[in-house]
*Asks:* 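Encoded as structure tokens, here's the structure I'll be asking about.
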There are 2 protein chains.
Amino acid sequence: MEIIRKTKSVKLILNQFEQRDSAISTVDLIEKLNSEINKTTVYRILDKLEYSGVLHSFLGLNGIRWYAKCKNCSTSHHSDLHPHFQCTSCGKVDCLDIKITMPTIPNREVTSSQFLLQGKCERCSS
Amino acid sequence: MEIIRKTKSVKLILNQFEQRDSAISTVDLIEKLNSEINKTTVYRILDKLEYSGVLHSFLGLNGIRWYAKCKNCSTSHHSDLHPHFQCTSCGKVDCLDIKITMPTIPNREVTSSQFLLQGKCERCSS
DNA sequence: CCGTTAATGCAACTAAGTTGCAAATATATA
DNA sequence: TATATATTTGCAACTTAGTTGCATTAACGG
């Protein structure tokens with residue numbers, strides 16, 4: 001899971017993330033690159049990009065996995081404690097630039113968290 | 001989705017939730033009641049119990065759905081803004097009795113949220 | 001340019017959850 | 001208590017996200 005070569009498929013996937021700023025679901029990515037990359041490959045590349053700190057992932061509504069660019073992550077540390085927002089109308093997901101104060105809970109050692117907000121995005125509520 | 005009859009299957013499922021205080025995943029429930037109830041029925045009953053405000057649901061790690069007893073919910077309003085905690089070691093999930101202050105986000109109308117904390121529970125970290 | 005090793009495609013699989021339909025059963029009413 | 005009716009159930013078949021093993025292909029360091 002360590003070494004990552006700059007293959008055609010890797011470039012195609014990274015290109016998708018450079019084109020937009022919002023998160024992309026695995027399903028969308030597979031659909032979009034369907035004629036160029038096999039879905040197994042998409043899953044494997046996303047895994048590696050997350051592992052190496054290029055992307056971070058989280059679950060949206062319906063348990064589908066989403067990926068977004070990392071801002072301050074590395075292989076050893078994922079600092080993605082920001083919440084995500086999914087529009088229940090258009091389905092689009094964004095990273096929110098808000099810091100979450102991780103609650104301390106007695107008798108439990110919290111190591112990470114996922115915070116998903118749902119509602120209507122600007123475009124869908126107007 | 002409205003009317004719910006007190007059938008043998010409904011009683012069996014409610015009984016599972018009365019026996020414990022932590023959340024139960026759909027998968028566990030199906031497995032546990034496997035000899036008595038068909039999985040389709042389990043899914044359908046859980047849907048109805050959530051709809052009618054008896055249970056609330058959320059996604060755990062891996063996108064599996066979990067259900068837990070509601071405390072102050074009704075058909076019209078689900079007041080389950082509390083976070084959930086999943087132990088990465090034993091997989092058990094609990095509701096946390098903590099109030100979340102819903103962040104206000106410019107240009108977005110937030111209607112609900114899911115907050116999942118991960119780490120080690122008391123039993124697994126000692 | 002070549003050899004090594006990682007990356008890819010493919011096909012088959014797993015697992016969660018859904019759907020349609022016929023048969024069974026809860027419940028209100030007579 | 002019997003009956004009508006609408007809800008609930010089981011079953012089988014399906015959908016969809018994600019995974020695995022393996023043989024083939026392609027990066028890239030020397």
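Residue numbers begin at 1 in each chain, while the letters A, B, ... track the order of the sequences.
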*Asks:* Using a heavy-atom cut-off of under 4.0 Å over every strand shown, decide if A:Glu31 touches base, sugar-phosphate, or nothing.
*Replies:*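 Answer is nothing: A:Glu31 stays at 4.0 Å or more from every strand.
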
*Asks:* Take atom CD1 of B:Ile37 and atom P of C:dT25, then tell me their distance rounded to the nearest Å.
*Replies:*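 B:Ile37 atom CD1 is separated from C:dT25 atom P by 14 Å.
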
*Asks:* Is it the case that C:dT5 (base atoms only) and A:Arg5 (side chain only) share a donor and an acceptor within less than 3.5 Å, ignoring hydrogens and angles?
*Replies:*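 Per atom types, the contact qualifies.
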
*Asks:* Counting distance only, does the side-chain N/O of A:Thr26 pair as donor-acceptor with the main-chain N or O of A:Arg65 below 3.5 Å?
*Replies:*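 Yes.
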
*Asks:* On DNA chain D, nearest-nucleotide positions of B:Val10 versus B:Thr40: which is more 5'?
*Replies:*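 Nearer the 5' end of the strand: B:Val10.
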
*Asks:* Please confirm whether the shortest side-chain N or O distance from A:Ser9 to OP1 or OP2 of C:dT8 is below 4.0 Å.
*Replies:*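 Affirmative; the distance criterion is met.
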
*Asks:* Between the base of D:dG18 and the side chain of A:Arg44, is there a donor-acceptor distance below 3.5 Å?
*Replies:*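 Flag unset: no donor-acceptor pair detected.
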
*Asks:* Given side chains that start at C-beta, do those of A:Leu29 and A:Phe17 come closer than 4.5 Å, heavy atoms only?
*Replies:*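 The answer is yes; the side chains approach within 4.5 Å.
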
*Asks:* Between B:Leu12 (CG) and D:dT8 (P), how many Å, whole number?
*Replies:*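 Distance check: B:Leu12 CG to D:dT8 P gives 16 Å.
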
*Asks:* Between D:dA17 atom C1' and A:Ile24 atom CD1, what is the distance in whole Å?
*Replies:*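 Taking CD1 of A:Ile24 and C1' of D:dA17, I get 18 Å after rounding.
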
*Asks:* Mind checking if B:Lys39 touches a base, just sugar-phosphate, or nothing, with heavy atoms under 4.0 Å?
*Replies:*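 Base: the residue B:Lys39, judged by heavy atoms under 4.0 Å, touches a nucleobase.
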
*Asks:* Measure from CG on A:Asn62 to P on D:dA17 and round the result to the nearest Å.
*Replies:*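 These atoms are roughly 10 Å apart.
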
*Asks:* For B:Lys8 and B:Gly63, take the nucleotide of DNA chain C holding the closest heavy atom to each; which residue's nucleotide lies nearer the 5' end?
*Replies:*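 Its nearest nucleotide lies further toward 5', so the answer is B:Gly63.
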
*Asks:* How long is the gap from CG on A:Asn107 to OG on B:Ser125, to the nearest 0.5 Å?
*Replies:*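 With rounding to 0.5 Å, CG (A:Asn107) is 8.0 Å from OG (B:Ser125).
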
*Asks:* Please check if the side chain of A:His56 supplies one atom and the backbone of A:Ala68 the other of a donor-acceptor pair under 3.5 Å.
*Replies:*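 Looks like yes, one N/O pair under 3.5 Å.
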
*Asks:* State the CD-OG distance between B:Gln86 and A:Ser112, to the nearest 0.5 angstrom.
*Replies:*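 These two atoms lie 10.0 Å from each other.
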
*Asks:* What is the separation between atom CG on A:Asn38 and atom C1' on D:dA17, rounded to the nearest whole Å?
*Replies:*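 These atoms are roughly 14 Å apart.
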
*Asks:* Hey, does B:Thr7 reach any base, or is it just sugar-phosphate, or nothing, if we go heavy atoms under 4.0 Å?
*Replies:*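 B:Thr7: backbone/sugar contact only, no base atoms under 4.0 Å.
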
*Asks:* Do A:Glu50 side-chain atoms and A:Ser57 backbone N/O form a donor-acceptor pair below 3.5 Å?
*Replies:*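 Checked: pair present.
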
*Asks:* Given atom CD1 of A:Ile30 and atom C1' of D:dG18, what is their separation to the nearest angstrom?
*Replies:*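 That distance rounds to 8 Å.
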
*Asks:* Examine distances only and state if a side-chain atom of B:Ser25 and a backbone atom of B:Trp66 form a donor-acceptor pair shorter than 3.5 Å.
*Replies:*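 Such a contact is absent between B:Ser25 side chain and B:Trp66 backbone.
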
*Asks:* Near DNA chain C, which residues from residues 86-93 of chain A have a heavy atom under 4.0 Å away?
*Replies:*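 Contacting residues: none.
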
*Asks:* Atom OH of B:Tyr43 to atom C1' of D:dT16: distance rounded to whole Å?
*Replies:*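 B:Tyr43 atom OH is separated from D:dT16 atom C1' by 13 Å.
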
*Asks:* Where the side chain of B:Lys6 is defined as all heavy atoms beyond and including C-beta, which of C:dT27, C:dG17, D:dA17 is the nearest nucleotide?
*Replies:*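 Closest nucleotide among those given: C:dT27.
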
*Asks:* If two hydrophobic side chains count as joined below 4.5 Å and joins carry through other members, does A:Val27 share a cluster with A:Ile13?
*Replies:*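 Different hydrophobic clusters.
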
*Asks:* Return the value, rounded to whole Å, for the distance between atom CG of B:Leu59 and atom C1' of C:dG17.
*Replies:*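 Whole-Å distance recorded here is 12 Å.
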
*Asks:* Picking from C:dG17, D:dG18, C:dT8, which would you name as closest to the side chain of B:Arg65?
*Replies:*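 For B:Arg65, the side-chain atoms sit closest to C:dG17.
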
